[in-house]
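Chain A is the first sequence line, chain B the second, and so forth, proteins listed ahead of strands; every chain is numbered from 1. Computation of the quantities below employed the complete heavy-atom set of this structure, encompassing side-chain atoms and omitting hydrogens, waters and symmetry-equivalent molecules.
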Amino acid sequence: MGNLYNELQWRGVLHAATEGTQEVLTNKKVVGYIGFDPSAASLHVGSLLPIMTLVHMQRYGHTPIAVLGGGTGLIGDPSGKTQERPLLGKEKIEENIQGIRKQLSKFLDFEAKGNPAILVNNADWLASISMLDFLRDIGKHFTVNYMLAKESVESRMEAGMSFTEFNYMLLQAYDFLTLYKRYRCVLQMGGSDQWGNITSGIDLIRRLVKGKAYGLVTPLLQTSSGQKFGKTGSGTVWLDPNLSSPYHFYQFWLNTDDKEAIPYLKYFTLLSEAEIESVADSLAMSPEKREAQKILASEITRMVHGEEELVKAKQATAALFGREIKDLSAKDILDVFADTPSTDLSSSLFTEEGVLLSTLVQECGLMPSKGAARRMIKEGGLYVNNRRVTDEYYKLSLDESIDGQFFVLRKGAKKYHLLRVLPE
RNA sequence: GGAGGGGUGCCAGAGCGGUUAAUCGGGGCAGACUGUAAAUCUGCUGCCUUCGGGCUACGUAGGUUCGAAUCCUACUCCCUCCA
């Protein structure tokens with residue numbers, strides 16, 4: 001039986017840790033926390049790494065605390081940001097916290113015997129503290145010199161930084177102190193950009209209550225092409241099924257680059273070292289099978305959306321990338337394209353000679369303009385029911401519809417749009 | 001408060017008063033090749049078009065001119081330096 005520290009190490013998610021972290025994690029059951037930013041109503045795939053870190057903690061018998069930044073969210077963390085951030089309203093943040101709470105409960109067991117996960121909102125203690133108390137009790141323990149030396153501050157000296165954001169690290173240090181006192185929480189984890197904030201907390205605990213605390217950070221994720229992880233052409237990939245459908249979520253992982261598939265399996269799944277090694281062998285032997293990507297996508301989709309949604313996503317994948325669309329029944333279409341953007345059309349639109357495809361495609365939003373639609377057709381990038389259309393002035397007629405009810409429009413390889421024909 | 005520089009398409013950044021819907025690059029989109037990968041190559045990338053054209057664009061508003069992103073004036077925003 002290993003320990004948490006070794007586990008994180010072989011998974012490649014251990015970027016740095018403070019002195020003594022390994023010993024304390026090996027010899028004791030500890031309480032540790034990670035903060036989550038409530039600037040959106042849903043977490044996205046970028047939050048998966050910190051979430052998994054908490055999951056590993058709980059698996060090894062430690063107690064994980066997820067701290068929602070309801071208080072600090074009102075200020076905005078400058079770490080890793082090049083510009084001052086807009087402030088969100090209190091109501092908005094409260095709403096976001098509700099959404100995030102729900103998502104976290106899919107990963108962490110809040111009922112576990114012995115080491116149930118804990119969820120707190122730092123507004124609970126930050127909202128009520130007075131400016132004078134804060135300056136006296138906390139501010140006194142930090143020199144401005146110390147704060148200026150932090151990377152998060154230094155990198156902003158050129159662009160400028162408000163006094164508000166400058167104080168962020170003190171608030172986070174105060175969080176750590178509070179959790180230390182309330183829960184005996186001795187470990188704070190986070191992305192490597194959090195290092196400065198974390199060590200501030202450790203220092204504060206040492207100075208104020210002579211306590212020993214630890215910090216551990218994970219590497220910052222980037223795709224091999226240097227892109228920010230978790231963004232696709234169509235935007236951020238969210239954990240909320242209403243913001244990113246399970247099908248798109250599944251597809252996001254399925255499209256993982258070969259180079260990243262194995263690291264991602266280590267980061268985001270609970271597969272064992274041996275299991276992942278065998279997958280790595282398979283990937284090296286026959287990469288075209290994309291076994292690693294399939295396992296990765298299945299594992300993560302199941303964890304986030306559940307078995308049922310995973311099955312549906314796989315079915316949709318098989319239908320869209322395997323069979324001919326015209327073999328599908330109207331019912332299949334509805335299932336497969338449940339998550340696809342769709343537009344309703346009245347059948348009265350369809351006159352004798354049909355409707356100009358370029359117009360249709362523009363009106364349903366698949367293409368931004370008719371000119372762009374015509375260009376796309378010329379380039380061979382537009383398909384109706386998976387058949388390429390080559391005529392710029394192609395007119396669509398009702399006999400081509402599936403069961404007289406649907407047209408499946410496709411742009412490029414993966415972008416679908418469903419047209420639903422409504423009877424008179 | 002004083003002095004100077006600048007605001008161009010998604011971004012970055014060119015642009016002798018006319019052939020500039022605006023160079024080059026990045027990004028994006030599509031095609032080919034593939035494995036729904038990577039790399040590579042090709043094309044497209046303001047709007048409308050009955051394919052002849054038409055329209056709208058270079059911070060905002062005026063002006064000079066046959067003609068302006070390019071010249072002038074005012075306004076506005078940004079940046080740098082001095083105080």
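- Across A38(B), G35(B), G43(B), the shortest atom-to-atom separation from the side chain of Asp257(A) is found for A38(B).
- Contacts of Ser286(A) with the nucleic acid, taken as non-hydrogen atoms under 4.0 Å apart, are absent.
- In this structure, the CG atom of Asn386(A) is 13 Å from the C1' atom of U36(B), given to the nearest Å.
- Nucleic acid contact for Lys411(A): sugar-phosphate only, since backbone atoms but no base atoms lie under 4.0 Å from a heavy atom of the residue.
- Residue Arg388(A) has a polar side-chain atom (N or O) positioned under 4.0 Å from OP1 or OP2 of A32(B).
- The NZ atom of Lys289(A) sits 17 Å away from the C1' atom of U34(B) (whole-angstrom rounding).
- Protein atom CZ of Phe249(A) is 22 Å distant from nucleotide atom P of U36(B), rounded to whole Å.
- Comparing atom distances between the Tyr383(A) side chain and each of G35(B), G31(B), C29(B) picks out G31(B) as nearest.
- Side-chain atoms of Gln293(A) and Asp257(A) include no donor-acceptor pair closer than 3.5 Å.
- Around atom NZ of Lys106(A), more than 12 heavy atoms belonging to other residues, nucleotides or ligands sit under 6.0 Å away.
- Between Ser369(A) and C48(B) there is a side-chain polar atom (N or O) within less than 4.0 angstrom of OP1 or OP2.
- Between Tyr264(A) and Tyr267(A), the angle of the ring planes lies from 30° to 60°, which puts this pair in the tilted group.
- Rounded to whole Å, the C1' atom of C77(B) lies 23 Å from the corresponding atom of C71(B).
- One atom, CG of Leu283(A), and another, P of A38(B), lie 14 Å apart when rounded to the nearest Å.
- Atom P of nucleotide U36(B) and atom NZ of Lys314(A) are separated by 17 Å, given to the nearest angstrom.
- Using C1' as the reference atom, G9(B) and G46(B) are 8 Å apart when rounded to the nearest Å.
- Lys259(A) places its NZ atom 9 Å from the C1' atom of A37(B), with the value rounded to the nearest Å.
- Side chains of Arg374(A) and Ser358(A): no donor on one and acceptor on the other come within 3.5 Å.
- Rounded to a whole angstrom, the distance from the P atom of A3(B) to that of C75(B) is 14 Å.
- Taking only side-chain nitrogens and oxygens, Lys415(A) never comes nearer than 4.0 Å to OP1 or OP2 of G28(B).
- Straight-line distance from the CD1 atom of Ile295(A) to the P atom of A37(B): 19 Å, rounded to whole Å.
- For the residue pair Lys314(A) and Thr301(A), no side-chain donor N or O sits within less than 3.5 Å of a side-chain acceptor on the partner.
- Within 6.0 Å of CD in Glu111(A) there are 12 or fewer heavy atoms belonging to other residues, nucleotides or ligands.
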Problem set entry | Base-contact (B) and sugar-phosphate-only (S) positions in nucleotides 49-57 of chain B, heavy-atom cut-off under 4.0 Å, - elsewhere | BSB------
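- Comparing A30(B), A37(B), G31(B) by their nearest atom to the side chain of Asn255(A) picks out A37(B).
- Comparing Arg410(A) and Glu288(A) by the nucleotide of RNA chain B that holds the closest heavy atom to each, the one mapping nearer the 5' end is Arg410(A).
- For Phe407(A) and Phe350(A), the gap between ring centers is short of 6.0 Å.
- Between Asp258(A) atom CG and U34(B) atom P there is a gap of 17 Å when expressed in whole angstrom units.
- At a cut-off of 3.5 angstrom, counting only N and O atoms as typed in the model, there is no donor on one side facing an acceptor on the other between the side-chain of Gln293(A) and the base of U36(B).
- Partners of Arg302(A) under the salt bridge (charged side-chain N to carboxylate O under 4.0 Å, His left out) rule, at least two apart in sequence or in another chain, are Glu299(A), Glu307(A).
- A cation-pi geometry, defined here as NZ or CZ lying under 6.0 Å from the six-membered ring centre and within 45° of its normal, holds between Arg207(A) and Phe142(A).
- Each of Leu25(A), Leu187(A), Asn115(A) was checked for a side chain to side chain contact (heavy atoms under 4.5 Å, CB included) with His62(A), and the lone residue meeting it is Leu25(A).
- Each of Glu379(A) and Pro287(A) was matched to the nucleotide of RNA chain B holding its nearest heavy atom; the match closer to the 5' end belongs to Pro287(A).
- C81(B) sits 43 Å from G67(B) when the P atoms are compared, rounded to a whole Å.
- Stem regions for RNA chain B, each three or more consecutive Watson-Crick or G-U pairs with both distances under 3.5 Å and listed by first number, read B:1-7 with B:76-82, B:27-32 with B:40-45, B:46-48 with B:53-55, B:59-63 with B:71-75.
- To the nearest whole angstrom, the two C1' atoms, one in G28(B) and one in U64(B), are 41 Å apart.
- Nucleotides G54(B) and G59(B) place their P atoms 25 Å apart, quoted to the nearest Å.
- A 6.0 Å sphere centred on CD of Glu291(A) holds no more than 12 heavy atoms belonging to other residues, nucleotides or ligands.
- Asp203(A) and Tyr146(A) are linked by a side-chain donor-acceptor pair at a separation below 3.5 angstrom, with hydrogens and angles left out of the test.
- Here the separation of A30(B) from G13(B), taken at their P atoms, is 28 Å to the nearest Å.
- Glycosidic conformation, G6(B): anti, with the torsion outside 90° of 0.
- Separation of the P atoms belonging to A83(B) and A21(B) is 48 Å when rounded to the nearest angstrom.
- The Arg375(A) side chain lies nearest to C44(B) when the options are U36(B), G35(B), C44(B).
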